[in-house]
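Worksheet for the structure shown next.
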Amino acid sequence: MFLVLQKVGEPAPKLGFAPRNAGARGGSRPGPAPPHVTRSDMVSPPLEEAAAATSASLRVERALRPLMGSQGRSGSPGNRGPREGEGGEARKLQEARVARGKRGKGPAGTGHGGRGSGAEGKPGLRPAAGAGPGRAGEEGGGVEEGPRSSGKRDEGSAGPGAGRREDGSPERAQERGCQAWGGPPGTRTAMAAAAEDEAAAAAVEPATRPAAGPALWRLPEELLLLICSYLDMRALGRLAQVCRWLRRFTSCDLLWRRIARASLNSGFTRLGTDLMTSIPVKDRVKVSQNWRLGRCREGILLKWRCSQMPWMQLEGASLYISQANFILAYQFRPDGASLNRRPFRVFAGHDEDVCHFVLANSHIVSAGGDGKIGVHKLHSTFTVKYSAHEQEVNCVDCKGGIIVSGSRDRTAKVWPLASGRLGQCLHTIQTEDRVWSIAISPILSSFVTGTACCGHFSPLRIWDLNSGQLITHLGSDFPPGAGVLDVMYESPSTLLSCGYDTYVRYWDLRTSARKCVMEWEEPHDSTLYCLQTDGNHLLATGSSYYGVVRLWDRRQRACLHAFPLTSTPLSSPVYCLRFTTRHLYAALSYNLHILDFQNP
């Protein structure tokens with residue numbers, strides 16, 4: 001007797017006749033075999049052997065499942081396993097399917113509830129898509145190890161977008177997947193609910209580093225920071241649109257510091273000191289582009305009926321501005337573009353208009369037209385005033401417990417701020433000219449005075465703070481009457497000045513005291529009343545006609561933008577201006593203007 005061995009995965013040998021009851025359903029047994037055909041030719045392996053083979057294949061599949069990777073595939077495209085994201089629902093469906101296959105095993109071609117058995121399946125039933133000859137149906141179990149594949153990704157395959165068709169409906173895709181797996185119709189709702197739970201979890205889960213994609217994104221973050229540090233602002237912005245993880249990664253302050261230091265008014269000084277640590281650097285760079293392009297929204301914060309010569313200072317969320325002989329303190333609203341209409345504090349004490357004041361050491365030190373200096377506590381009602389000069393005090397500065405003042409009486413004086421020594425003059429300096437502006441060096445070693453340039457060839461002179469002796473004078477080619485109306489130190493060795501000669505000059509004491517390093521000319525030949533700088537590249541000036549505010553990039557000679565704030569009937573100088581990284585405030589004769597660069 002010869003045994004005909006059938007290799008698993010190959011078609012059954014054709015014997016030239018059809019077996020009895022070949023198309024019978026259920027677990028019916030075949031009829032007696034012909035005399036010349038052995039029983040092993042007709043009967044499939046016993047039930048125990050088939051069950052053992054099926055269990056072994058399932059164990060192999062479960063062992064390979066952790067190695068499926070991020071795409072969720074295992075094996076060849078024609079034998080894909082269930083998606084990793086399906087969780088317990090897919091596993092339960094597969095176990096139920098295996099159990100049904102075990103209960104319905106029988107001889108080849110007569111499996112209970114089978115989907116076809118290759119060459120000997122039930123007549124009239126079409127095999128599943130992608131099932132080739134000699135698949136699982138020939139092994140007598142009718143058990144599918146995965147959804148069939150037809151050469152393209154089917155509904156049950158794993159990977160990005162699995163479970164979706166062109167209509168984009170995850171519920172319908174899950175239903176089709178349930179049908180492909182042979183699950184009962186009652187499981188469709190459960191699988192749809194599982195898909196909704198997965199979508200909700202993905203929405204709540206924070207952005208993580210993508211597992212797939214270019215190998216560049218799998219580098220350590222230190223190397224990515226180094227690579228991205230060579231990108232410009234436009235490239236970083238486009239990179240942030242790739243995915244949520246890259247958007248979070250490219251928002252790092254380290255990547256934007258280099259760009260911010262080269263931008264206008266981004267809160268960084270020339271030495272790299274960050275003055276606005278509470279605001280993300282990327283947000284400041286965005287706003288700095290509005291400063292560079294001149295995009296802003298103009299508004300009026302305050303109005304007053306009489307013509308004034310106001311002066312103002314900013315401190316945190318508070319604005320201090322002088323009106324006549326008072327100093328009013330206002331609170332900014334959270335947007336920074338509007339004020340609470342009622343002042344929260346009023347400082348008085350002068351008999352005439354307040355010409356100038358500064359904030360220092362929780363004090364307000366003010367200079368009045370009555371020749372007096374007033375000292376006010378910011379958070380109390382303490383106020384002291386004393387006679388300082390014979391004529392009006394035009395300017396005052398205070399640093400390190402020392403007050404210096406300049407007057408129309410052609411003198412500059414040094415005063416202590418200590419409470420027990422208020423009103424005691426330390427030094428009286430004869431300037432031989434009216435003093436319009438004054439500033440103390442940051443290292444408290446000297447101070448500079450700006451005069452009317454009528455009695456001396458140079459309006460800028462530097463004096464020793466301890467002895468009151470003249471150290472040097474700046475420049476030698478000033479025309480008569482080129483008075484300096486505003487001066488400020490930017491560092492211990494550099495300072496800026498502007499005035500009647502329509503120029504902004506930048507001085508560096510380390511190079512030469514006879515000639516300025518850089519100068520910018522007002523295009524309309526107007527007097528410059530005030531200036532302000534961000535300590536790096538931006539410079540703002542206020543002109544005498546039509547309330548023109550100009551923005552300058554100190555790396556260029558020409559003016560960037562000009563903003564006329566008044567019309568012809570109400571032409572007024574800009575007496576004072578201050579700005580933050582988002583807003584610019586300009587005080588004119590009748591109102592206080594704002595330029596909002598954050599929301600243009």
(message) If you apply the rule side-chain hydrogen bond (donor to acceptor under 3.5 Å, both in side chains), what do you find for Gln289 with Arg292, and how did you get there?
(response) CA-CA 5 Å; Gln289 300 307 305; Arg292 182 178 63 86; 3.0 Å; yes

(request) Output yes when a side-chain donor or acceptor of Asp486 lies under 3.5 Å from a complementary backbone atom of Leu531, and no otherwise. (result) yes

(message) Can a donor-acceptor pair be found, under 3.5 Å and without considering hydrogens, that links the side chain of Ser441 to the backbone of Ser445?
(response) no

(request) Could you tell me how the ring of Tyr575 sits relative to the ring of Tyr529: parallel (under 30°), tilted (30 to 60°) or perpendicular (over 60°)? (result) perpendicular

(message) Measuring from atom CZ of Arg434 to atom CD of Glu392, what distance do you get when rounded to the nearest 0.5 angstrom?
(response) 10.0 Å

(request) Applying side-chain hydrogen bond (donor to acceptor under 3.5 Å, both in side chains) between Trp463 and each of Thr449, Thr431, Thr472, report the one that passes. (result) Thr449

(request) Please check if the side chain of Asp464 supplies one atom and the backbone of Ser467 the other of a donor-acceptor pair under 3.5 Å. (result) yes

(request) In plain terms, say whether Arg284 and Asp253 are close enough for a salt bridge, that is, a side-chain N and a carboxylate O under 4.0 Å apart. (result) no

(message) Please determine whether salt bridge (Lys or Arg N to Asp or Glu O under 4.0 Å) holds for the pair Asp335 and Arg333, giving the CA-CA distance in whole Å, both sets of side-chain angles, and the decisive distance to 0.1 Å.
(response) CA-CA 6 Å; Asp335 58 356; Arg333 290 175 180 159; over 6 Å; no

(message) Using 0.5 Å steps for rounding, measure from the CG atom of Leu359 to the NE2 atom of His376.
(response) 11.0 Å

(message) I'd like to know if Glu521 and Arg505 make a salt bridge, using a cut-off of under 4.0 Å between side-chain N and carboxylate O.
(response) no

(request) Give a yes or no answer on whether the side chain of Trp304 reaches the backbone of Ser589 with a donor-acceptor pair at less than 3.5 Å. (result) yes

(message) Under a 3.5 Å threshold, yes or no: a donor from one side chain and an acceptor from the other, between Ser543 and Ser526?
(response) no

(message) Are Trp415 and Tyr386, when compared by the centres of their aromatic rings, separated by less than 6.0 Å?
(response) yes

(message) I'd like to know if the side chain of Asn290 and the backbone of Leu293 have a donor-acceptor N/O pair within less than 3.5 Å.
(response) no

(message) So, taking the atom named CZ in Arg578 and the one named OH in Tyr320, what distance separates them when rounded to the nearest 0.5 Å?
(response) 14.5 Å

(message) Surrounding CZ of Arg342 (heavy atoms of other residues, nucleotides or ligands, distance under 6.0 Å), is the total greater than 12?
(response) no

(request) Salt-bridge test for Arg550 and Glu522: reply yes if a basic N is under 4.0 Å from a carboxylate O, no otherwise. (result) yes

(request) Using only heavy-atom distances, determine whether the side chains of Ser405 and His389 contain a donor-acceptor pair under 3.5 Å. (result) yes

(message) Between Ser263 (side chain only) and Ser266 (backbone N and O only), is there a donor and an acceptor less than 3.5 Å apart?
(response) no

(request) Output yes when Arg234 and Asp232 qualify as a salt bridge under the 4.0 Å nitrogen-oxygen rule, no when they do not. (result) no

(message) To the nearest 0.5 Å, what is the distance between CG on Leu246 and CZ on Arg238?
(response) 15.5 Å

(request) Would you mind checking if Lys385 and Asp351 are paired as a salt bridge, meaning a charged N to carboxylate O distance below 4.0 Å? (result) yes

(request) Ignoring hydrogens and angles, state whether a donor on the side chain of His350 or Ser366 is under 3.5 Å from an acceptor on the partner side chain. (result) yes

(request) Would you indicate whether Phe332, at its atom CZ, is surrounded by more than 12 heavy atoms from other residues, nucleotides or ligands within a distance under 6.0 Å? (result) yes

(request) Tell me, yes or no, whether the heavy-atom count around Met309 atom CE, taken from other residues, nucleotides or ligands under 6.0 Å, exceeds 12. (result) no

(request) Starting at OH of Tyr503, measure out to CE of Met518 and round the result to the nearest 0.5 Å. (result) 12.0 Å

(message) Can you tell me how far apart CG (Leu560) and CG (Asp553) are? Round to the nearest 0.5 Å.
(response) 5.0 Å

(message) Test your reading of the model: is there a side-chain donor-acceptor pair from Gln313 to the backbone of Phe357, 3.5 Å cut-off?
(response) yes

(message) Within the supplied structure, the quantity of interest is the number of heavy atoms (other residues, nucleotides, ligands) at a distance under 6.0 Å from Phe344 CZ; does it exceed 12?
(response) yes

(request) May I ask you to check if Arg295 and Phe597 form a cation-pi contact, with NZ or CZ under 6.0 angstrom from the six-membered ring centre and within 45° of the axis? (result) no

(request) Assign the ring pair His583 / Tyr585 to parallel, tilted or perpendicular, where the plane angle (0 to 90°) is split at 30° and 60°. (result) tilted

(message) Quick one: does any side-chain atom of Thr451 pair with a main-chain N or O of Pro459 as donor and acceptor, under 3.5 Å?
(response) yes

